[in-house]
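Okay, structure first, notes after.
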Amino acid sequence: ARARHKPCALKELEVSVSELGLGYESDETVLFRYCSGTCETAIRNYDLSLKNMRLKKKIKKEKVRARPCCRPLAYDDDVSFLDTYNRYYTVNELSAKECGCV
Amino acid sequence: ARARHKPCALKELEVSVSELGLGYESDETVLFRYCSGTCETAIRNYDLSLKNMRLKKKIKKEKVRARPCCRPLAYDDDVSFLDTYNRYYTVNELSAKECGCV
Amino acid sequence: HSLASGQDSHGWRTPVDCVRANELCAAESSCSSRYRTLRQCLAGRDRNTMLANKECQAALEVLQESPLYDCRCKRGMKKELQCLQIYWSIHFGLTEGEEFYEASPYEPVTSRLSDIFRLASIFSGMDPATNSKSNHCLDAAKACNLNDNCKRLRSVYISTCSKEISATEHCNRRKCHKALRQFFDRVPSEYTYRLLFCSCKDQACAERRRQTIVPSCSYEDKEKPNCLDLRNMCRTDHLCRSRLADFHTNCQVSFQSLTSCPGDNYQACLGSYAGIIGFDMTPNYIDSSIASITVSPWCSCRGSGNMEEECEKFLRDFTENPCLRNAIQAFGNGTDVNLSPKNPSQPVTLPPKTEKSPALPDDINDSNTIYDTSVITTCTSVQEHGPKLIKSKEHSLCFSETQLPTDIMPDQKTFVDQKASGS
Amino acid sequence: YSETVYIDQPAGTPLLHIRALRDSHGEVAHFQLCQHLFIYRVGAYENHWFQIKEKTGLLYLNKSLDRGDFDILFGKNWMSLPKVTFHVYLSPQPFQGKECETPTSALVHLSIINATVPACNALMSRELCFSEMDLSFHIKENKPPGTFYQLQLPPIHHLCQNVSISYKLLAVEGLPFRYNENTTGVSVVQRLDREERERYELIAKCTVREGSKEMQVEVPFLVNVLDEDDSAPFLPNGTSTTDAVVEFNRKEGTVLATLTVCDADTTPIFPIESSKKKYTGTISTTDPWISETFRVDHIFHEIYFSPNGSQVRGTLHEYKLMLNKNISVTENRSFQLDVLVNDTEFHGPERSVMLHFNVSILPVSIQFPNMTYQFTVNRNAERFAQIGKICIENCMKFCGVNITYRLLSPNASCYAVGILQGREDKYGSLYVNDSSVLLRPECKEIQYTIVASDKQSKKHAKTQLTITLEGTIIKKEEDCPESCAINKHRAECEECGGIGVLTGKCQWRQGSGKGITTNYSTCTPSIRTCPDGTCDIIESKDPAVCPQDCTNGNIIGGHERGAHGIKSGHGVCYCFPRQNCYCEKDDIKEPLCDDVC
């Protein structure tokens, strides 16, 4: 059976700052919260119409999105840390606080 | 040069109700407004980190979206029309009123 | 008659906070008028001339009955600053004004380090100090980042303190101090102490501990002021003055107690040390050495003129304070002195010996500790203790006559002058 | 002073001995208590219990303090350490009944114990020998000798007659202190000189004999010498004269020269204002121009002298001759400027020293080096392309001289180039102002006259500037962004032009790629000027020229923000002008998929 994906929801993962891959080197850990899952239940008339119009080439060569996205609706507070060179950095809008289908 | 896409913005198209592909047959036309364009300037640390963690397989087999979507933030009012069988229909959340990168 | 105020089992007045006391007094005409009179009496006049004035004397006597007289404040209470302003409006005038040690306006701390360890292990699921594995200071930062409140307020002060304003102005120190005060006032000590007093086995950890308060902005400065100047500046601000008085009250070396801390309460000392962070007097680790823990405010005793000894004594309360050092080490090792708390109500009967000079302001510690001098009184035990250098002026020296340190007394001789006159 | 008083000690019990040293030989010390006792957090009470002998300073119990008295004094607010404090007033002549008025007093703390006095054998030898206050004394220098302390404790001596308590003062030979075995008094036997030695560390040793038992106790006995202003200022290396030359740096606040004056006395650094007033440094001149044009700044810090091996503190005063206003480039004069340094608190002779500054103000000329400026500009250059810098002779050395640069162009139709100058810049920056002109074939070589003028002196200089247009015009790529900074990859970067480009194409700066570094990869109109960590005057004209250096917007990804723009970044940094900048590793090719990823 086709892999069924869970509905769009907030997940969390404790990772080290280095693992974020932003270029910072620090052993401090952060709680990385992200949005994962499908938005099948949030499809609107808009989406159906847009999909049809792309299929009928009424809309061409345009970057349009004909299905809702599971994305953060709000972000956590900034997080700060000391890197391995003893310098402080602050990263904003790193972790999701609330998810939704948009 | 690489096809450069314009930033996410509201576009509009006048189409007949039948062309919407929702199954209604009517020659009445509606102003279909949709969101089109890229969201490059709306990328956040969240997106970069989520992308990195997917690449490092810290997040696997999950439907996650590591880039903002250009999507409607609000929808126009409902639209009504008389179809070819002289029956009235009303369709809601058909057309975008405002677009944004989420 | 005495105003409605709580009374303990002794019939002594139990202190209320000064905001409440002020309200009680304001509601009572004789008290409020006397309070006004006393404030005028205290305004700038020498205490003795004030006491000689009948009206001031009468005002004082009435106020002794009011809860205003021994009201106190609580750290982090609502209207803390207002409470302190009321407290100092009375007590600043009634002390000499230049006491070396001022009594803390805060209520004595009853909680102990062991309470913090329990809470810390509940929150983070591991005993903070016994996690011998890795870098405790790094673990403390991890624990903080996993707690929303700690993470948020830590990020507020770090981003404020590390934000470059311009090529010439390194940071906004005033905002940085305010953010630091908020962090230490609003985040539970289970998190803040772990960041501030974590124990270290390597230099990286010790440097991380030193960096906790972002010293480049909150602590270091182009030049070092004189410590007495720094103290004077601090005492012009009610909050700073109160926190410094609290530090002196809870961390002042007490030779009678096992731990060198008044009432053997490490928590009280650590709490008041954390309380002066975010003020002019902000102290910090002076280096990232793991051999010794030395903290100090950013000041020196250069340029003290005739007050060098007083300046050095003030500085030693930070740099050579066995109570503070033991408290920091105790927290780092996850140990606390579990003395059964003495029953405060049981009055002292044994002839207590007065504690070491200089005189502490009164009722510093209501935990009824017996103060006595624990100086070695006989030299017969020198071998057991080994030769003792002049460690610090509070400790008695114990040398046999022939062993005086040469740098002071190359050929030491007893000075006896038979003919010296009596006066 | 502090001591302990017990309940029911009989009236007449001696408590402690207040000592005073004389300021001059004729003085006789008189001691007096004031009427009130003050009990902290309790209040003030009539003093019935304590009295002092006016002539000897012996404080004693005037009335025994019984339990009733204790309750009166301390009943209301039970404290762990009941304590009484009061002042003992000192006067060189007898008191005329006026109380608590003399400026000199000693503070006495008496701890009141709610128990009867312990028997001698219950006291530890430490308590038999010494009071618990530190034996640390402060004696003013230059004062007559006298006894300043008595080792024997009056109450112990009174109470423990059958215990033998003897003292010794262990000290090195030749110290100015004597110990009298009969009175146990310690005296200073000569005037002390702080500038010779400011601290003496002795040891007080006490031996307690009771029957066959003998115990000894030793405590530090410290004497600090208080300083008086008894030293005149002197010149450390004898130099009171120095040269002060004003040439290119003519800016207000410039320090021209410094002379130092030493003083063997200490000068507390707080409160700074009063200490500065103690040592004045005034320009002595009648010429208003000199007083207007120069000022003297005085700073001082503590230094150490070491006469005969011991270390004593003194003060080094620095007098800096500074410009009090900008000086015109035409000003040209030489003179000697004298500064009178005065130690206001020293009352001896030679309390002041005259410092001499040989001032020479040299005129400086506003001229271009004898050359004309020639630059070539590519016809594909875009607006805000930086062509080069214009500078009069020694321009980088000038300070406080406001040189402005202007272009005069005879050939109005080919007016392609402009000149700008940042507020702190000492040079003019040439840039392409109208790129459409570059495309006109008739404009090949454009001549300008550059004028540099000094606002204050109205002096100016001129030179010629020739701009030669070169290169064949290339067709502009479609779909290229307005700013080079938007491009994330080398290919699209070097394909496109953008505002500020020199040759029609953007340039790719390949960084080191390690961690967060100032050497990040990025696409720029000109590697020479952008990014260089400075948002210069031309870049600041349009956010699209060099957002890497000038952005105040959000920077996403691993970065460190400078005062303006990106100080360092991770991987590739790219910017959307007036919006965000991004720094991210570029080696990850993420498929640009729209739907399901």
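None of these values were measured; they are calculated from a predicted model. Residue numbers begin at 1 in each chain, while the letters A, B, ... track the order of the sequences.
- Counting heavy atoms of neighbouring residues, nucleotides and ligands inside a 6.0 Å radius, atom NZ of B/K97 does not exceed 12 of them.
- Looking at B/K58, the atoms closer than 4.5 Å to chain A (heavy atoms on both sides) sit in the backbone and in the side chain alike.
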With side-chain contact (heavy atoms from CB on, under 4.5 Å) as the test, would you mind laying out the steps for B/S49 and A/L94 before giving the verdict? CA-CA 7 Å; B/S49 305; A/L94 170 67; 3.1 Å; yes

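- Counting heavy atoms of neighbouring residues, nucleotides and ligands inside a 6.0 Å radius, atom CG of B/D27 does not exceed 12 of them.
- With hydrogens and angles ignored, the 3.5 Å screen pairs a side-chain donor or acceptor of A/N52 with a backbone N or O of B/L20.
- At a 4.5 Å heavy-atom cutoff, the contact between B/C35 and chain A is made by backbone and side-chain atoms alike.
- Contact annotation for residues 82-92 of chain B against chain A (heavy-atom separation below 4.5 Å, listed by residue number): B/V91, B/N92.
- Residues of residues 11-19 of chain A that come within less than 4.5 angstrom of chain B, heavy atom to heavy atom, are A/K11, A/L13, A/V15, A/S18, A/E19 in numerical order.
- Separation of atoms NZ (A/K63) and SG (B/C39) is listed at 9.0 Å; rounding is to 0.5 Å.
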Kindly indicate, with the supporting measurements, whether the criterion side-chain contact (heavy atoms from CB on, under 4.5 Å) is fulfilled by A/E62 and B/Y34. CA-CA 11 Å; A/E62 284 191 56; B/Y34 61 95; 2.8 Å; yes

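- Between the B/R71 side chain and the A/C69 main chain, no donor and acceptor come within less than 3.5 Å of each other.
- Checked against a 6.0 Å centroid threshold, the rings of A/Y75 and B/Y46 count as neighbours.
- Per-residue counts of heavy-atom pairs under 4.5 Å with chain B were compared for A/C70, A/P72, A/A96; the largest is that of A/P72.
- Note that the CZ atom of B/R54 and the OG atom of A/S36 stand 10.0 Å from one another [nearest 0.5 Å].
- Of the atoms belonging to A/I59, it is side-chain heavy atoms, and not backbone ones, that fall under 4.5 Å from chain B.
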